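Written out below as structure tokens is the structure these notes cover.
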Amino acid sequence: MAYRLTLLGLLLAGLAYTWLAQQIPMDPWTAEELINARTMPTVYGALLSLTLLILLLRSIPPVAAVPAGRLVRGAGVAVLVVAFAALLGPLNLWMGLGLLLLATGWWLGERRWLPLLSLAISVPLLGFLGIELGLGVYLPD
Amino acid sequence: MLEGIATGFATAFTLANLGWVLFGCLAGTLIGMLPGLGPITAIALMIPVSYSLDPAGGLIMMAGVYYGAVFGGSTSAILINAPGVASTVATSFDGYPMARDGQGGRALAIAAYASFAGGTLGAVALMLFAGYLAGLALAFQSPEYTLLLLLALSSVVVLASPGTRLPSLVTLLIGLMLGTVGTDQLAGIPRFTFGRLDLADGLNFVLVVMATFALAEAFRMVLQDDAPASPSVSGSQLRLPLDTSRRLLPVVGRSSVIGFLTGVLPGAGATLASFFAYDVEKRMGDGSREAGVAAPEAANNAASTGSFVPLLTLGIPGSGTTAVLLGVMLSYGLQPGPRLLSDQPEIFWGVIVSMYLGNLILLALNLPLIPLLARLLNLPAPLLIPLIIGFSLVGVYLTTLNGFDLYLMLGLALLALVLRWFAFPLAPLLLGFILSGLLEENARRTLFIAEGGWSVLLERPAFVILGILILLVWLFPVWQRLRAAPRH
């Protein structure tokens, strides 16, 4: 079921992409050419939709199921990644990275504070010293 | 030529220049291992250092930086499935599974030996054939590139095992579609940007590769509770058994030739070379994981050397990295091209010899580092997974400096995770993404060339040969079916 739903989702995305390809604005200089800004996207979108249709009509390959607990853990990690991206502005890259390492490690079951804190402090510190100070890579505030 | 080679050795084998190539290799390896920083960045970061050196010393150091950065990228590709540069993506296909099975040290050692062999064979080929190959590079124009790209894309689908052809086609098309996001190169029209400036330049390569490989892999480890096996890397793991060496020798030879010839073509570069070499070994070789690591590594290093052919002999940079190097040469007042060899042989041959030297130093430098690097995989999963996630996110942020890209990356990683869960191969997605822009651009230029009639294209020998090759690749499944028919 999940396999067919995935294929169906991809098919819808492929059709939407093909429709969007037809909406690409054209300029008068390239519109008449055999390959213009719409051509390749239309070909890719149509081919993808066709291939997915064929796959939908075929038998379903065996797929391993994911336990619900693990899905929750995965969703939690995704939330932490979103939080990291959202906190880049208020904090900065290195402080955000430290928090991300700490929170993700804890969420995944690491309860020993020494290795957790060592990782969360040493990696951002090395990044700051090596990349920002050492190599002089500019990071926006 | 022998006189030239002697001049090159005399230039490179001074104490100062040996020191600079050693420094270049070390700096390149360390920078290449950092997330999001590849050879172009490494060379760009070393430009201020090169200004304080004489032209020969500066260029010799840069050759070391180049090779070091390519090898550094392979290290992160093998250990945590995070290839920071396109040319090391193919290495991760078999290198990372080896690391997961506790053979990270072995994979890194094979990568180091294969890189050395590929780079060295490339340097020898450069010495012997640079002049002749410059002509070949010039013969390759948009029509030939279009067919070469079609050959690469066709091979990845048609030569896959029969059960994975359609899934490969799906991921290839998704990659090609992702490559169309952004401003159209020829007409300047925005496509699939939804009015967002963040998407105007298209999706960044580092973003796509880190999302589909590193971040998706971290999520897979979370869902499957499947951390890599702890490796214990001893000195013996770094010494390849005689039968393995014997088996890998022809792989390295074939891949180096493929890599060097592909690298010579301006624009094709190390990425295409590594994919081609990997594909050839998987389809026609013994298909082992060792060969899967050795082939792309030998090919990308040989291609890096090959890309110096159009730069040194024609003054045409064949890749982004050699374009930066061209800038360095111009800043020294050197004009690469046909006259470089006659006017400043010590520079021409010095750079070529330093490539050989750089490979030798890189091998000596990296082998002792391998046990230290492989220890990274000893970390328990709750510490290793956050490290992979942090590494990939920082890599993308350092490349684009745009927080929006991190959301995009998460979305792509989840898509890649779902595709992988249902056994869709992800390599075609990356190949499609990398080649999408090139294919469209060259196909359009081919149409301009063919404006006088399609017969013009048939007068180009390389075009015809590539056309026949594509036809043969497409006929391969038919031949396979015919061969299997009597058994049924």
Side-chain angles (χ1 to χ4, degrees), chain A residues 2-3 6 10 14 17 20-21 24-27 29-30 33-37 40-41 44-45 47-48 51-52 54-55 58 61 63-64 66 70-71 73-74 77-78 81-82 84-86 88-89 93 97 100-101 104-106 108-110 115-116 119 123 127 130-131 135-140, chain B residues 30-31 34 37 41 45 163 166-167 169-170 173-174 176-177 180 184 186-192 215 218-219 222-225 379-383 385-387 389-391 393-394 397-398 401 403-407 409-410 413-414 417-419 421-423 432 436 439-440 443-444 446-447:
Chain A
Y3 178 73
T6 304
L10 285 173
Y17 174 91
L20 282 171
I24 294 171
M26 300 293 283
D27 63 51
W29 299 280
T30 55
E33 282 170 11
L34 191 61
I35 299 182
N36 56 41
M40 299 303 255
Y44 299 152
L47 260 177
L48 180 74
T51 315
L52 287 163
I54 297 171
L55 277 175
R58 285 189 168 186
V63 180
V66 187
R70 295 228 164 268
L71 275 179
R73 261 171 53 152
V77 173
V81 171
V82 172
F84 168 75
L88 271 177
L93 176 66
L97 178 65
L100 175 79
L101 293 174
T104 316
W106 188 85
L108 293 178
E110 180 61 69
L116 210 52
L119 188 79
V123 173
I131 296 174
L135 295 176
V137 174
Y138 166 77
L139 292 178
Chain B
L30 291 175
I31 297 172
L34 293 174
L37 306 183
T41 324
L45 287 167
L166 283 183
L169 182 59
V170 168
L173 286 165
I174 292 175
L176 287 166
M177 285 156 72
T180 60
D184 175 37
L186 287 186
I189 298 166
R191 298 189 296 190
F192 310 105
L215 195 56
F219 275 110
V222 171
L223 294 184
Q224 288 193 328
D225 202 11
L379 283 174
L383 294 179
I385 294 171
L387 202 61
I389 294 173
F391 188 89
L393 290 172
V394 169
Y397 187 70
L398 283 176
L401 298 177
F404 172 76
D405 284 341
L406 300 182
Y407 299 112
M409 186 184 172
L410 180 64
L414 294 177
L417 180 70
V418 172
L419 286 172
W421 203 264
F422 294 120
S436 179
L439 177 68
E440 191 169 3
R444 283 182 179 178
T446 303
L447 285 179

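Because the structure is predicted, anything quoted here is derived from the model rather than measured. Lettering follows sequence order; numbering is per chain, from 1. Values below: all heavy atoms of this structure, side chains included; hydrogens, waters and symmetry mates excluded.
B:Val418 touches chain A through its side chain: at least one heavy atom from C-beta onward sits under 4.5 Å away, while N, CA, C and O do not. Heavy-atom distances place the side chain of A:Leu119, and not its backbone, under 4.5 Å from chain B. Proximity to chain B involves both the backbone and the side chain of A:Val77, based on heavy atoms less than 4.5 angstrom apart. With a threshold of 4.5 angstrom between heavy atoms, B:Ile189 approaches chain A through side-chain atoms but not through N, CA, C or O. Only the side chain of B:Leu419 comes within contact range of chain A, with heavy atoms under 4.5 Å apart. Both the backbone and the side chain of A:Leu116 come within less than 4.5 Å of a heavy atom in chain B. Looking at B:Leu410, the atoms closer than 4.5 Å to chain A (heavy atoms on both sides) all sit in the side chain, from C-beta outward.
In this structure, CG in B:Leu398 is found 5.0 Å from CD1 in A:Ile131, a value given to the nearest 0.5 Å. From A:Leu55, atom CG reaches atom CZ of B:Phe422 across 12.5 Å, with rounding to the nearest 0.5 Å. Distance check: A:Leu108 CG to B:Ile385 CD1 gives 5.5 Å after rounding to the nearest 0.5 Å.
A pairwise comparison of heavy atoms in B:Phe219 and A:Gly74 identifies CE2-O, 3.4 Å as the closest pair. B:Ala443 and A:Ile35 make their closest contact through CB-CD1, 3.7 Å (heavy atoms, listed as atom of the first residue, atom of the second, distance). Taking all atoms of both residues into account, the shortest heavy-atom contact from A:Leu88 to B:Gly403 is CD1-CA, 4.4 Å. In this structure, B:Leu223 and A:Arg70 approach most closely via the heavy-atom pair O-CD, 2.5 Å. The minimum heavy-atom distance between B:Leu383 and A:Pro115, with the atom names listed, is CD1-CB, 3.8 Å. In terms of heavy atoms, B:Pro190 sits closest to A:Ile24 at O-CG2, 4.2 Å.
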* Between A:Leu48 and B:Ile174, is a side-chain contact (heavy atoms from CB on, under 4.5 Å) present by the stated rule, with each step listed? -> CA-CA 8 Å; A:Leu48 180 74; B:Ile174 292 175; 4.2 Å; yes
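B:Asp405 pairs by the salt bridge (charged side-chain N to carboxylate O under 4.0 Å, His left out) definition with nothing, not counting sequence neighbours. Every residue two or more places apart in sequence or in another chain that forms a side-chain hydrogen bond (donor to acceptor under 3.5 Å, both in side chains) with A:Tyr17 is listed here: B:Thr180.
Of the residues considered (A:Leu93, A:Leu71, A:Leu97), A:Leu93 shows the highest number of contacts with chain B, using heavy-atom pairs under 4.5 Å. Most heavy-atom pairs under 4.5 Å with chain B, from the set A:Asn36, A:Leu100, A:Leu52: that is A:Asn36. Ranked by heavy-atom pairs shorter than 4.5 Å toward chain B, the options A:Gly105, A:Ala86, A:Gly14 are led by A:Gly105.
At least one donor-acceptor pair under 3.5 Å links the side chain of B:Arg191 to the backbone N or O of A:Ala37.
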